[in-house]
There are 2 protein chains.
Amino acid sequence: MKAELKQHCPNDANVNCANCRLNSICLPLALRQDEITQLDDIVQRGRPVQKGQHLYRQGENFQSIYAVRSGAIKAYSTTDDGEEQVTGFYFPGEILGMDGIGQNRYASSAQAMDVSAICEIPFHRMEELSGKLPSMQKHFFKLLSQEIVEDQRHITLLSKNSAEERLAALLVSISARHARRGLSATSFRLPMSRGDIGNFLGLTIETVSRVFTRFAKQGLISIANKDVTLIDLEKLKETANVF
Amino acid sequence: MKAELKQHCPNDANVNCANCRLNSICLPLALRQDEITQLDDIVQRGRPVQKGQHLYRQGENFQSIYAVRSGAIKAYSTTDDGEEQVTGFYFPGEILGMDGIGQNRYASSAQAMDVSAICEIPFHRMEELSGKLPSMQKHFFKLLSQEIVEDQRHITLLSKNSAEERLAALLVSISARHARRGLSATSFRLPMSRGDIGNFLGLTIETVSRVFTRFAKQGLISIANKDVTLIDLEKLKETANVF
DNA sequence: CGTCCACTTGACAGTACTCAAAACCTGTGG
DNA sequence: CCACAGGTTTTGAGTACTGTCAAGTGGACG
């Protein structure tokens, strides 16, 4: 019973990669048991990050990449002229901070949207491990490559799709990521503000609000504050051009 | 005299990484002399790729990454609903194809916009080499990370900037990449069509044309077909929010 | 020299933005 | 427990930028 609890409390200090319930979608994904132990040795688990707190800030020396264990993180970059662009939302099992590798400085800032539990992985140790474990190196190359593909999908979304299509795509994406963790695909809480959503999707806050209202009137979703229910997921997927 | 020529003819079969005039901005960038030799062993240099020909197509098995030696390549992906999105333009010294690593299939297609000389680098050999040479691994992580940062910059461009700002940003970017190779920063030929430019920037062909005309009337550029001269590079940089 | 295709230009329309105000949560303190 | 202040979200009215449709121009190439 107690061991059971340990496994399921994301803030328990006794969590490790081997018993983490996210290990099938997170970094250990491609590793053998003995390799997971080696990974585990370099992972640091601190105390929970409070809402609004930063994991790292743009321009800081790059030290670590981070895995989300619970909660939700947003990444955003600030342009020379002071404007902010939300570049991604990160949920449990997802890795962030890899944009810092190229310049040895973080190219974006990462902020908790909820109380979150985070695994910190010092990159230089990760590099060492990748040199030793080909499967680790391969997996890491994959992670980076997939982030590129993700970003290019987002570029397409911004370049080609209407406000409705963009918002539908975001809802469908969050839905799928919830489902992957065994949670409801149709009912969840949006951890981010309307402003963050709009910023991420290249829309104003007013447009986001209006489209939500339109979706609700069409019976596609029901929404109360940050709690959404996807009533017609199929139609949303069609709208999002996800077939 | 003959050795001199060899170094400067991009289609010469005797080129190698050690004597390639691009080696300071291309893959060998971070390598020692003896390491460059090892890299050179796995690089394949075929005959020139003709205009319109593909290096690889979306969905094909991922085998190699490619370095542009001369000419220019565009990468584009086709969405489920058949629309095309140009995801990048690649000039000499730049690496493409890395979006294939994650899924073992190319996530985009790559097509020559001019006759081009290309170096092909089989990825599995590159992985091996990375396992042996920490500096190669590090450099490769960097490359991938930088592509992510690039893509995020492009996301910001599409999300926040007007048609004029986007086009100015593209001109300034191409200018900088020319300058890096020792070519004119202010006068060059655009290898891509107006359609490709518009597609890349999330604009229609008509808008691209109109903005070019506007820039010309304002004395920022002069443009005749594909030949551009950046008359007021400073003002263009301002417009592009590049400080 | 003529055809084809890429590009330019014009007129008009529509989606999303801006500005403004109202409604609604949330948390605090009386 | 209620009242209130601050912030967030919703809604409305008007505008503007870019897209659409259509026609015309001009290079490139056979």
Side-chain angles (χ1 to χ4, degrees), chain A residues 50-52 74 83-86 111 113-115 156-171 189-218 220-228 239-241, chain B residues 50-52 72 74 83-86 111 113-115 156-171 189-218 220-228 239 241:
Chain A
Q50 295 305 311
K51 182 173 172 170
K74 77 165 174 183
E83 282 207 281
E84 285 187 0
Q85 172 69 42
V86 173
Q111 186 177 30
M113 298 186 290
D114 271 332
V115 183
T156 307
L157 192 72
L158 295 180
S159 172
K160 297 266 183 303
N161 294 103
S162 67
E164 300 208 350
E165 291 164 341
R166 293 183 210 181
L167 201 51
L170 179 63
L171 290 174
R189 188 174 160 282
L190 296 170
M192 68 293 279
S193 69
R194 300 288 190 274
D196 287 335
I197 294 174
N199 192 313
F200 179 64
L201 295 176
L203 302 169
T204 58
I205 194 170
E206 293 96 329
T207 300
V208 172
S209 179
R210 277 185 252 269
V211 174
F212 270 142
T213 311
R214 222 176 296 157
F215 280 172
K217 279 185 182 155
Q218 293 169 352
L220 297 181
I221 64 169
S222 85
I223 185 160
N225 301 317
K226 308 211 157 185
D227 297 309
V228 225
T239 308
N241 296 316
Chain B
Q50 294 306 310
K51 182 173 175 171
K74 77 165 172 183
E83 283 207 280
E84 285 187 0
Q85 172 68 44
V86 173
Q111 188 177 29
M113 298 186 292
D114 272 332
V115 184
T156 306
L157 193 71
L158 296 180
S159 171
K160 297 264 182 304
N161 295 104
S162 67
E164 300 207 350
E165 290 164 342
R166 293 183 209 182
L167 201 51
L170 179 64
L171 290 174
R189 188 175 160 281
L190 295 171
M192 69 292 280
S193 69
R194 300 287 189 271
D196 288 335
I197 294 175
N199 191 313
F200 180 65
L201 296 176
L203 302 169
T204 59
I205 195 172
E206 293 95 330
T207 300
V208 171
S209 180
R210 276 186 253 270
V211 174
F212 271 142
T213 311
R214 221 176 298 157
F215 279 173
K217 279 186 183 154
Q218 292 168 353
L220 298 181
I221 65 171
S222 84
I223 184 159
N225 301 317
K226 307 211 158 188
D227 297 310
V228 225
T239 308
N241 295 316

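Just so we're on the same page: letters track the sequence lines, and every chain starts at 1.
- What separates CD1 of B/I197 from C1' of C/dC7 is a distance of 11 Å, to the nearest Å.
- The interatomic distance linking A/L167 (CG) with C/dT15 (P) rounds to 17 Å, in whole Å.
- Taking 4.0 angstrom as the limit, B/S162 places none of its side-chain polar atoms (N or O) nearer than this to OP1 or OP2 of D/dC17.
- Taking atom CG on A/D227 and atom C1' on D/dT9, their separation rounds to 15 Å, with Å as the unit.
- Taking atom NZ on A/K51 and atom P on C/dG27, their separation rounds to 8 Å, with Å as the unit.
- In this structure, B/S193 reaches the sugar-phosphate backbone alone: every heavy-atom distance under 4.0 Å involves primed, P, OP1 or OP2 atoms, never a base.
- B/N199 contributes a side-chain N or O that, together with a main-chain N or O of B/E84, makes up a donor-acceptor pair within less than 3.5 Å.
- Contact check, B/T204 against D/dT18: no side-chain N or O comes under 4.0 Å of OP1 or OP2.
- Residue B/E164 places no side-chain atom within donor-acceptor reach of the base of D/dC17, judged by atom type and a 3.5 Å distance cut-off alone.
- Counting non-hydrogen atoms of other residues, nucleotides and ligands closer than 6.0 Å to NZ of A/K51 gives a total of 12 or fewer.
- What you find for A/V86 and A/F200 is that their closest heavy atoms are O-CD1, 3.4 Å.
- Between A/R214 and A/N225, the one whose closest nucleotide on DNA chain C sits nearer the 5' end is A/R214.
- Nearest nucleotide to the B/E206 side chain, out of D/dC21, C/dA16, D/dG12: D/dC21.
- The distance between atom NZ of B/K160 and atom P of C/dA16, rounded to the nearest whole Å, is 16 Å.
- The two residues B/Q85 and A/S159 make their nearest non-hydrogen contact at OE1-OG, 2.8 Å.
- Distances were taken from every side-chain heavy atom of A/R194 (C-beta onward) to each of C/dT8, D/dT10, C/dC17; the shortest belongs to D/dT10.
- Listed nucleotides: C/dT18, C/dT8, D/dT9. Nearest to the side chain of B/S209: C/dT8.
- Summary of the strand contacts: A/R210 and A/K226 both lie near DNA chain D, and taking for each the nucleotide with the nearest heavy atom, the more 5' one is attributed to A/K226.
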Derivation of the side chain to side chain contact (heavy atoms under 4.5 Å, CB included) call for B/F215 and B/E164:
CA-CA 8 Å; B/F215 279 173; B/E164 300 207 350; 4.0 Å; yes
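- As judged by a 4.0 angstrom heavy-atom cut-off over every strand, A/G202 is placed among residues touching the sugar-phosphate backbone only.
- The distance from atom CD1 of B/I223 to atom C1' of C/dT8 is 12 Å, rounded to the nearest whole Å.
- Protein atom CG of B/L203 is 15 Å distant from nucleotide atom C1' of C/dA16, rounded to whole Å.
- Taking atom CG on A/N161 and atom P on D/dG19, their separation rounds to 14 Å, with Å as the unit.
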